[in-house]
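A quick write-up on the structure given underneath.
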Amino acid sequence: MKQLKCLLIATIFFLGANLVSAQSKSAHVEVGEIMAKMPAILEAQKQLEKLSIEYQAVYKTMGEEFQAKIKKYDVEAVSVSEKMNIERQKEIQDMEKRIQEYAQTAQKELQTKETDLMKPIQEKIRAAIQKVGKAKGFQYVLNSESLLLADGPNLTVDVKKELGF
């Protein structure tokens, strides 16, 4: 019985020491703040915005052509043959389908471009966080934006310095 008490007390001290040790070896970083102010992110956002504007311009032109064609065909519908009206209706449907496909393709290309631009930047941020965390002796560096309580040192400034801004 005495041995069981000693074992239980030793276990409690061991777990308590590990808990205190784990708490003292964790820090946090505000990743959102880093990403909001990082020059590479801002440049990537400009590139994505420029590409989006280009896609929107083409989409708008396609839509205007579509509306003009519908208007023209509506006006001429009474003066052309039934066969011609059926052909025009098919042409309108095909045009509408192309516009929808273009919108979907543009969206996918924007998402792909965003991934291509952001992945290396995110990896760079992750590497900087790891480097700063290890250099300062932390076992865990958590994103403070996903925590209800951000306890421990905030390494955001140090990570920004590591990233050069």
Side-chain angles (χ1 to χ4, degrees), residues 3-68 92-165:
Q3 288 177 339
L4 186 59
K5 279 185 180 180
C6 286
L7 182 61
L8 183 60
I9 291 171
T11 303
I12 290 171
F13 281 125
F14 177 74
L15 290 175
N18 279 344
L19 185 59
V20 169
S21 174
Q23 286 177 348
S24 65
K25 295 194 179 198
S26 65
H28 64 276
V29 175
E30 296 170 17
V31 177
E33 179 184 332
I34 292 169
M35 291 183 77
K37 296 179 182 173
M38 188 173 181
I41 295 274
L42 300 174
E43 180 58 36
Q45 288 172 340
K46 286 179 187 176
Q47 288 180 33
L48 291 170
E49 186 177 332
K50 180 181 175 187
L51 186 59
S52 177
I53 289 169
E54 290 172 11
Y55 286 139
Q56 287 174 2
V58 171
Y59 183 77
K60 182 179 177 185
T61 301
M62 291 173 81
E64 289 169 352
E65 290 172 3
F66 179 73
Q67 292 299 324
I92 293 286
Q93 289 171 347
D94 290 343
M95 192 174 194
E96 184 176 28
K97 184 180 176 186
R98 282 193 310 273
I99 292 170
Q100 290 172 351
E101 288 172 353
Y102 177 80
Q104 291 171 351
T105 301
Q107 184 65 31
K108 285 179 186 175
E109 288 177 6
L110 272 173
Q111 288 172 345
T112 301
K113 182 71 171 177
E114 181 178 20
T115 300
D116 293 346
L117 289 172
M118 298 304 280
K119 188 173 182 178
I121 296 169
Q122 290 170 337
E123 286 299 317
K124 187 175 180 179
I125 292 170
R126 191 174 73 72
I129 291 170
Q130 286 178 334
K131 184 175 180 180
V132 169
K134 283 182 182 179
K136 296 214 177 239
F138 293 104
Q139 291 177 327
Y140 304 99
V141 179
L142 307 168
N143 184 356
S144 63
E145 293 159 1
S146 61
L147 300 173
L148 295 175
L149 174 65
D151 198 15
N154 184 344
L155 301 179
T156 304
V157 173
D158 298 315
V159 172
K160 285 180 180 180
K161 286 179 187 174
E162 177 66 30
L163 291 168
F165 72 97

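Just the heavy atoms: all of them, side chains too, but no hydrogens, waters or symmetry mates, feed the values below.
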Practice item. May I have the step-by-step check of side chain to side chain contact (heavy atoms under 4.5 Å, CB included) for Gln45 and Ile41, ending in yes or no? Key: CA-CA 6 Å; Gln45 288 172 340; Ile41 295 274; 3.8 Å; yes
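- Across all non-hydrogen atoms, the minimal contact from Leu42 to Ala36 is CD2-O, 3.6 Å.
- For the residue pair Met118 and Ala44, the shortest heavy atom distance occurs at SD-CB, 4.1 Å.
- Nearest heavy atoms, Ala27 versus Pro153: CB-O, 3.2 Å.
- Distance check: Gln47 CD to Asp116 CG gives 11.0 Å after rounding to the nearest 0.5 Å.
- Between the side chain of Glu162 and the backbone N or O of Val132, no donor-acceptor pair lies under 3.5 Å.
- Considering CD1 of Ile125 and CE of Met38, their distance stands at 4.5 Å, rounded to 0.5 Å.
- Two residues are said to be in side-chain contact when any heavy atoms from C-beta on lie closer than 4.5 Å; Tyr55 and Thr105 fail this criterion.
- Between Pro39 and Glu43, every side-chain heavy-atom pair lies at or beyond the 4.5 Å cut-off.
- At a threshold of 4.5 Å between non-hydrogen side-chain atoms, the residues Gln122 and Met35 count as touching.
- Ring pair Tyr59/Tyr102 is parallel by interplanar angle, where below 30° counts as parallel and above 60° as perpendicular.
- To the nearest 0.5 Å, atom CG of residue Leu51 and atom CD of residue Glu114 are 11.0 Å apart.
- The two residues Phe165 and Ile34 have their closest heavy-atom pair at CZ-O, 3.6 Å.
- Ser52 places no side-chain N or O within donor-acceptor distance of the main-chain N or O of Leu48, the cut-off being under 3.5 Å.
- To the nearest 0.5 angstrom, Glu54 atom CD is 11.0 Å from Glu109 atom CD.
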Practice item. Report the C-alpha separation of Glu96 and Gln100 in whole Å, then their side-chain angles, then the decisive distance to 0.1 Å, and conclude whether the side chain to side chain contact (heavy atoms under 4.5 Å, CB included) test is met. Key: CA-CA 6 Å; Glu96 184 176 28; Gln100 290 172 351; 4.1 Å; yes
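- Applying the 6.0 Å contact sphere to CD of Glu49 captures no more than 12 heavy atoms from other residues, nucleotides or ligands.
- For the atom pair Ile129 CD1 and Leu163 CG, the distance stands at 8.0 Å (nearest 0.5 Å).
- Salt-bridge formation is detected for the pair Glu123/Arg126: a Lys NZ or Arg NE/NH1/NH2 atom is positioned less than 4.0 Å from an Asp or Glu carboxylate oxygen.
- Rounding to the nearest 0.5 Å places CG of Leu155 at 8.0 Å from NE2 of His28.
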